[in-house]
Amino acid sequence: MKTILVTGGTGYIGSHTVVELQEAGFNVVVVDNLSNSHVEVIDQIEAITGTRPEFEKVDLRDREATLEVFTRHPDIRAVIHFAALKAVGESVNIPLDYYKNNIDSLIHVLEGMKLSQVHHIVFSSSCTVYGEPDVLPVTEHAPIKKANSPYGNTKQICEEIMADFRIPNPDINVISLRYFNPIGAHESALIGELPIGIPNNLVPFITQTAIGIRDELKVFGDDYNTPDGSAIRDYINVVDLARAHVVAIERLIGKKNKSGYEIFNLGTGKGNSVFEVIKTFEKVTKSSLKYKVVGRREGDVEQVFADTAFANEELGWKAEKSLEETLLTAWKWEQYYRAENTPKSRTKK
């Protein structure tokens, strides 16, 4: 059985990817420092799949501890690297934390791969590398502009690091997945997006407002040059996204990649505005959301959505789940979690 190391595997996208990997027959080793997730996610993954992934509580900023993970697991065939801080607005306020965490962790993982002769890595990248795009939808050939935030800049830098690393190490194969805005939850409602503290992303803020944890939803700006004035994003179901990582791993291990460094956009190919998401959520859940328009958030772009043709054709992957279905899974997850847990971290603000 092929073993995949998943960093950040108890996080939102990581946990859903672990589920899909296990259901595809892979053995998984999860590494996470639990700074923005909960160890109980491992229990939930086991409940869904019937298999408990191996778990290592390790901070990837610690070089020696990271290298020891590879030593303890000599059967690792490939890495999926999720572990990173990822809030655009927060990165503007604490940029050094983002640079140290996101860049150091990747460097240490690459060092571990070289030491242990692991040749394949799937990197969790982001559409933020495109900044404010000139042309929509965005293709993989769109120019990489100056990042709008330290978070976006770390993704640009990490991609450059991997490209440079491959020059003296051409046996390392990289697939960088630039995804857009993951939302929703597993259909079981056993795992989903669980931000610690006040959410930085739209959908968990919506669900927490709907269930009464937040007094009101904040809409960051209604004066953008869009049809309804709110920002537009490409919202992709997290399970669709997770399945793309499995396809990428199979492509690397099966030596089907056509170059040593491939890049794919992962999205739906369609943009939805903040107000459209709010209205769709209200429709599918038969609820009414209280929201307030506030000023634009530093680091946000006006609109961005993907051209997914390359991923659709080359990977044979396509986002399948609708916005309505996806928002309903997010709501079911919120209801399940609230019924099962009342952690102090989710106090009303």
Side-chain angles (χ1 to χ4, degrees), residues 3-15 17-18 21 27-37 39 41-42 53-87 90-91 94-126 128-129 147 150-178 245 248-249 252-253 260-261 263:
T3 298
I4 311 301
L5 176 66
V6 180
T7 73
T10 58
Y12 175 42
I13 306 170
S15 61
T17 300
V18 172
L21 284 167
N27 180 54
V28 179
V29 176
V30 171
V31 170
D32 206 302
N33 66 358
L34 303 177
S35 62
N36 196 34
S37 59
V39 71
V41 169
I42 298 295
E54 296 182 72
F55 175 68
E56 296 258 13
K57 185 180 179 183
V58 171
D59 191 326
L60 297 176
R61 292 173 298 181
D62 184 330
R63 180 178 182 272
E64 294 307 314
T66 303
L67 298 184
E68 287 171 4
V69 170
F70 285 88
T71 301
R72 284 193 296 272
H73 300 279
D75 56 339
I76 292 171
R77 289 289 305 279
V79 175
I80 302 180
H81 184 55
F82 291 107
L85 298 174
K86 63 182 183 65
E90 181 184 64
S91 76
I94 52 171
L96 295 184
D97 291 41
Y98 272 68
Y99 285 114
K100 181 172 180 59
N101 186 85
N102 294 5
I103 294 173
D104 284 1
S105 63
L106 174 65
I107 290 173
H108 297 158
V109 166
L110 292 175
E111 289 179 327
M113 290 175 61
K114 182 177 181 180
L115 179 69
S116 300
Q117 297 187 330
V118 177
H119 301 304
H120 309 301
I121 180 169
V122 175
F123 179 67
S124 167
S125 193
S126 167
T128 57
V129 301
Y151 163 69
N153 200 27
T154 66
K155 291 300 183 182
Q156 291 181 2
I157 292 170
C158 285
E159 289 196 356
E160 292 169 357
I161 287 171
M162 290 185 296
D164 289 341
F165 182 67
R166 285 201 70 256
I167 295 173
N169 300 282
D171 57 337
I172 298 292
N173 298 298
V174 180
I175 290 182
S176 184
L177 299 178
R178 294 174 177 168
H245 290 76
I249 284 291
L252 288 173
I253 292 177
Y261 194 138
I263 294 170

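Note that the coordinates shown come from a computational prediction; the quantities given were computed from them, not determined experimentally. Numbers for residues simply follow the sequence, beginning at 1.
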Any residue meeting side chain to side chain donor-acceptor pair (under 3.5 Å) with R61, in chain and number order, not counting sequence neighbours:
D59
Do [X] and [Y] touch side chain to side chain, with heavy atoms closer than 4.5 Å?
X: L21; Y: I80; value: yes
X: E54; Y: N27; value: yes
X: S124; Y: K155; value: yes
X: V79; Y: F70; value: yes

Side chains of N36 and Y12 only: does a donor on one sit below 3.5 Å from an acceptor on the other?
no
Quick one: do the Y98 and E90 side chains pair a donor with an acceptor below 3.5 Å?
yes
Can you give me the closest heavy-atom contact between [X] and [Y], atom names plus distance?
X: E56; Y: V29; value: CG-CG1, 4.2 Å
X: K114; Y: N169; value: CE-OD1, 3.4 Å
X: V58; Y: T66; value: CG1-N, 4.2 Å
X: S91; Y: Y151; value: OG-N, 3.1 Å
X: T17; Y: F82; value: OG1-CZ, 3.4 Å
X: A248; Y: I175; value: O-CD1, 3.7 Å

Among residues two or more places apart or on two chains, list those pairs meeting salt bridge (charged side-chain N to carboxylate O under 4.0 Å, His left out) that have a residue in residues 157-177.
E159-R178
Using modelled atom types only, decide if a donor and an acceptor are shared between the side chain of [X] and the backbone of [Y] within a distance under 3.5 Å.
X: T10; Y: V41; value: no
X: S116; Y: M113; value: no
X: N101; Y: D97; value: no
X: N102; Y: T154; value: no

From [X] [atom1] over to [Y] [atom2], what is the distance, rounded to the nearest 0.5 angstrom?
X: K57; Y: N33; atom1: NZ; atom2: CG; result: 8.0 Å
X: T3; Y: D75; atom1: OG1; atom2: CG; result: 3.5 Å
X: H119; Y: I76; atom1: NE2; atom2: CD1; result: 13.0 Å
X: K86; Y: S126; atom1: NZ; atom2: OG; result: 10.0 Å
X: I4; Y: H73; atom1: CD1; atom2: NE2; result: 13.5 Å
X: I107; Y: I103; atom1: CD1; atom2: CD1; result: 7.0 Å

Is there a side chain to side chain contact (heavy atoms under 4.5 Å, CB included) between M162 and L110? Walk through the geometry before answering.
CA-CA 8 Å; M162 290 185 296; L110 292 175; 4.2 Å; yes
Can you tell me which residue among N173, L177, V174, V6 is in a side chain to side chain contact (heavy atoms under 4.5 Å, CB included) with V122?
L177
